[in-house]
> 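Have a look at the structure that comes next, please.
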Amino acid sequence: MLMSLLTLLRLSFLTVMVIIWKGDKLIDGVPETLDMLRSKGKRLVFVTNNSTKSRKQYGKKFETLGLTVTEEEIFASSFAAAAYLKSIDFPKDKKVYVVGEDGILKELELAGFQYLGGPEDGGKKIELKPGFLMEHDKDVGAVVVGFDRYFNYYKVQYGTLCIRENPGCLFIATNRDAVTHLTDAQEWAGGGSMVGAFVGSTQREPLVVGKPSTFMMDYLANKFGIQKSQICMVGDRLDTDILFGQNGGCKTLLVLSGVTSLSMLQSPNNSIQPDFYTNKISDFLSLKAAAV
């Protein structure tokens, strides 16, 4: 396995890193590993499906964990949603209804889009009485659904009305992750549970901008002017991280320090196989003296 990691280091890959922390706990060896990779001339980009924070907010979280990461090195699915709308020239006179948290709102605002919804709709309730008709804004041209700790029936109904009744309204998902790591104690229901509610109520499939969709990989390759064959996707989830890399035509490295265990990887029922795998990202430190 060390030889495989050495092979990765000898290639001029852009390294896309995702396994940095669980909950609010930094994974052992991460700072030293990032320093070593940078010293070898590797460009690091941090890609996350978590849409609750903007790039700026993630930058502050990195800082609190003692890591120096620039905003340009961070690609969250909150940013991907706004970037996608910009890429299709979404009309500025149209609005975006957000089922999600502050990260999406901040990225939409930076991109110059009008929005409504978000956390402030988390306390709203519907009084279901005979003859009640819920109104919605006819100028909503897109509904963006991300992970939302303030998810409720009001949001489901409002977003559903927009998608079903507003002509041409887009249904965009930041990701469809089944689970997420809100704490390091256990797995929690992920953004896919919120997206699933809308799939059920609208009978429509969303356009996904986060992993494993290729949108973010295409964006990265164009932004940095790099071929996808020069990119290595490093992650701990087969169905998002590794599939993301494979869909984007990149090399992939699975680390077994997160969602995917060795037994899951080797299961006969698993069809997603990375190019390489290792126990943890700090295994790269074993190659410190390697000439690359």
> Is the shortest heavy-atom distance from the side chain of Leu256 to the side chain of Tyr277 under 4.5 Å?
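Touching, per the 4.5 Å side-chain cut-off.
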
> Say whether Leu110 and Leu85 are linked into one hydrophobic cluster, either directly or through other cluster members, by side-chain heavy-atom distances under 4.5 angstrom.
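No; Leu85 is not reachable from Leu110 via cluster members.
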
> Taking the side chain as everything from C-beta on, heavy atoms only, tell me whether Ile226 gets closer than 4.5 Å to Ile231.
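With C-beta onward as the side chain, the pair touches.
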
> Considering only NZ, NE, NH1 and NH2 on the basic side and carboxylate oxygens on the acidic side, decide whether Lys106 and Asp102 come within less than 4.0 Å.
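Asp102 and Lys106: salt-bridged.
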
> Between Asp236 and Val259 (side chain of the first, backbone of the second, donor and acceptor by atom type, cut-off under 3.5 Å), is there such a pair?
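Here the side-chain-to-backbone pair exists.
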
> With a 3.5 Å distance limit and no angle check, can you tell me whether Asp241 reaches the backbone of Gly235 through a side-chain donor-acceptor pair?
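Here the side-chain-to-backbone pair does not exist.
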
> Rounded to the nearest 0.5 Å, how far does CG of Leu37 lie from CZ of Phe284?
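One finds 6.0 Å between CZ of Phe284 and CG of Leu37.
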
> Determine whether the side chains of Thr252 and Asp275 contain a donor N or O and an acceptor N or O closer than 3.5 Å.
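On atom types as modelled, these side chains qualify, holding a pair under 3.5 Å.
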
> Heavy-atom distance under 4.5 Å between the side chains of Ile163 and Arg204, does that happen here?
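SC-SC contact between Ile163 and Arg204 confirmed.
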
> Consider only side-chain N and O atoms of Tyr97 and Asp121, and report whether a donor and an acceptor are under 3.5 Å apart.
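Indeed, the side chains of Tyr97 and Asp121 share at least one donor-acceptor pair under 3.5 Å.
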
> Quick one: does Cys162's side chain get under 4.5 Å of Asn166's, heavy atoms only?
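Yes. Closest side-chain heavy atoms under 4.5 Å.
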
> Can you establish whether the number of heavy atoms outside Lys138 located under 6.0 Å from its atom NZ is more than 12?
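Enclosed: over 12 neighbouring heavy atoms sit under 6.0 Å from NZ of Lys138.
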
> Which distance, rounded to the nearest 0.5 Å, do you find between the CZ of Arg164 and the CZ of Phe171?
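Spacing of CZ (Arg164) from CZ (Phe171) equals 12.5 Å.
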
> Going by heavy atoms in the side chains, are Val140 and Val96 under 4.5 Å from each other?
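Contact flag for Val140/Val96 side chains = no.
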
> Could you tell me whether Tyr84 and Phe215 have their ring centroids closer than 6.0 angstrom?
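When the ring centroids of Tyr84 and Phe215 are compared, they turn out to be within the sub-6.0 Å range.
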
> Any luck finding a side-chain donor-acceptor pair between Asn50 and Thr52 under 3.5 Å?
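Distance-only check passes for Asn50 and Thr52.
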
> Look up atom CD in Gln157 and atom NZ in Lys124, then write down how far apart they are to the nearest 0.5 Å.
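Result: 14.0 Å between the selected atoms.
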
> Thinking salt bridges, do Lys42 and Glu73 make one under a 4.0 Å N-O criterion?
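A salt bridge is absent here (no side-chain N lies under 4.0 Å from a carboxylate O).
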
> When you look at Ser78 and Ser51, which way does the side-chain hydrogen bond (donor to acceptor under 3.5 Å, both in side chains) test go after all the steps?
CA-CA 4 Å; Ser78 54; Ser51 62; over 6 Å; no

> With a cut-off of 6.0 Å (strictly less than), are more than 12 heavy atoms of other residues, nucleotides or ligands near CD of Gln186?
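Enclosed: over 12 neighbouring heavy atoms sit under 6.0 Å from CD of Gln186.
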
> Report the distance from atom OG of Ser257 to atom CD1 of Ile281, rounding to the nearest 0.5 Å.
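Separation between the atoms: 7.5 Å.
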
> Taking it one step at a time, do Tyr219 and Met217 satisfy side-chain contact (heavy atoms from CB on, under 4.5 Å)?
CA-CA 5 Å; Tyr219 188 96; Met217 192 66 78; over 6 Å; no

> Do Met134 and Leu161 pass the side-chain contact (heavy atoms from CB on, under 4.5 Å) test, and can you show the C-alpha distance, the side-chain angles, and the key distance before you say yes or no?
CA-CA 9 Å; Met134 185 176 183; Leu161 289 173; 4.1 Å; yes

> State whether Asp28 and Lys280 are salt-bridged, where the test is any N-O pair (Lys NZ or Arg NE/NH1/NH2 against Asp/Glu carboxylate O) under 4.0 Å.
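The answer is no: the pair does not qualify as a salt bridge.
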
> Given the side-chain rings of Phe113 and Phe90, with only the six-membered ring counted for Trp, is the space between their centroids under 6.0 Å?
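When the ring centroids of Phe113 and Phe90 are compared, they turn out to be within the sub-6.0 Å range.
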
> Of all the heavy-atom pairs spanning Ser77 and Asn49, show the shortest one and how long it is.
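Minimum heavy-atom contact is OG-O, 2.6 Å.
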
> To the nearest 0.5 angstrom, please state how far the NZ atom of Lys92 sits from the CD atom of Gln114.
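It comes to 10.0 Å.
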
> Determine whether more than 12 heavy atoms belonging to other residues, nucleotides or ligands lie under 6.0 Å from atom CD of Glu71.
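Result for CD/Glu71: enclosed.
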
> Answer yes or no: is there a side-chain heavy-atom contact under 4.5 Å between Met264 and Asn270?
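No, their side chains stay 4.5 Å or more apart.
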
> Which distance, rounded to the nearest 0.5 Å, do you find between the CG of Leu105 and the OH of Tyr115?
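These two atoms lie 5.0 Å from each other.
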
> Is the backbone N or O of Phe198 less than 3.5 Å from a side-chain atom of Thr202, with the two atoms forming a donor-acceptor pair by type?
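A pair under 3.5 Å: yes.
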
> Side-chain contact test, heavy atoms from C-beta onward, threshold under 4.5 Å: evaluate it for Glu205 versus Val195 and give yes or no.
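No, too far: nothing below the 4.5 Å cut-off.
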
> I'd like to know if the side chain of Asn247 and the backbone of Thr214 have a donor-acceptor N/O pair within less than 3.5 Å.
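Looks like no, no N/O pair under 3.5 Å.
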
> Do Arg55 and Glu107 meet the salt-bridge criterion of a basic N to acidic O distance under 4.0 Å?
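Looking at Arg55 together with Glu107, the answer is yes, because their closest N to O distance falls below 4.0 Å.
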
> Would you name the heavy atoms of Ile104 and Val99 that are closest together and state the gap between them?
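For Ile104 and Val99, the tightest heavy-atom pair comes out as CD1-O, 4.5 Å.
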
> If you look at every heavy atom in Lys211 and Val47, which pair is closest and at what distance?
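Smallest heavy-atom distance, with atoms named: NZ-O, 3.5 Å.
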
> If we only count heavy atoms from C-beta on, is the Val255 to Val234 side-chain gap below 4.5 Å?
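A side-chain contact exists here, since the closest heavy-atom pair is under 4.5 Å.
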
> Taking Gln266 for the side chain and Ser263 for the main chain, is one N or O donor matched with an acceptor at less than 3.5 Å?
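No: the side chain of Gln266 does not pair with the backbone of Ser263.
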
> Testing the basics here: between Glu127 and Phe132, what is the closest heavy-atom pair and its distance to 0.1 Å?
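Taking Glu127 first and Phe132 second, the nearest heavy atoms are O-CG, 3.7 Å.
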
> What class does the angle between the rings of Tyr58 and Phe62 fall in, given that below 30° is parallel, 30 to 60° is tilted and above 60° is perpendicular?
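Answer is tilted, since the angle falls between 30° and 60°.
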
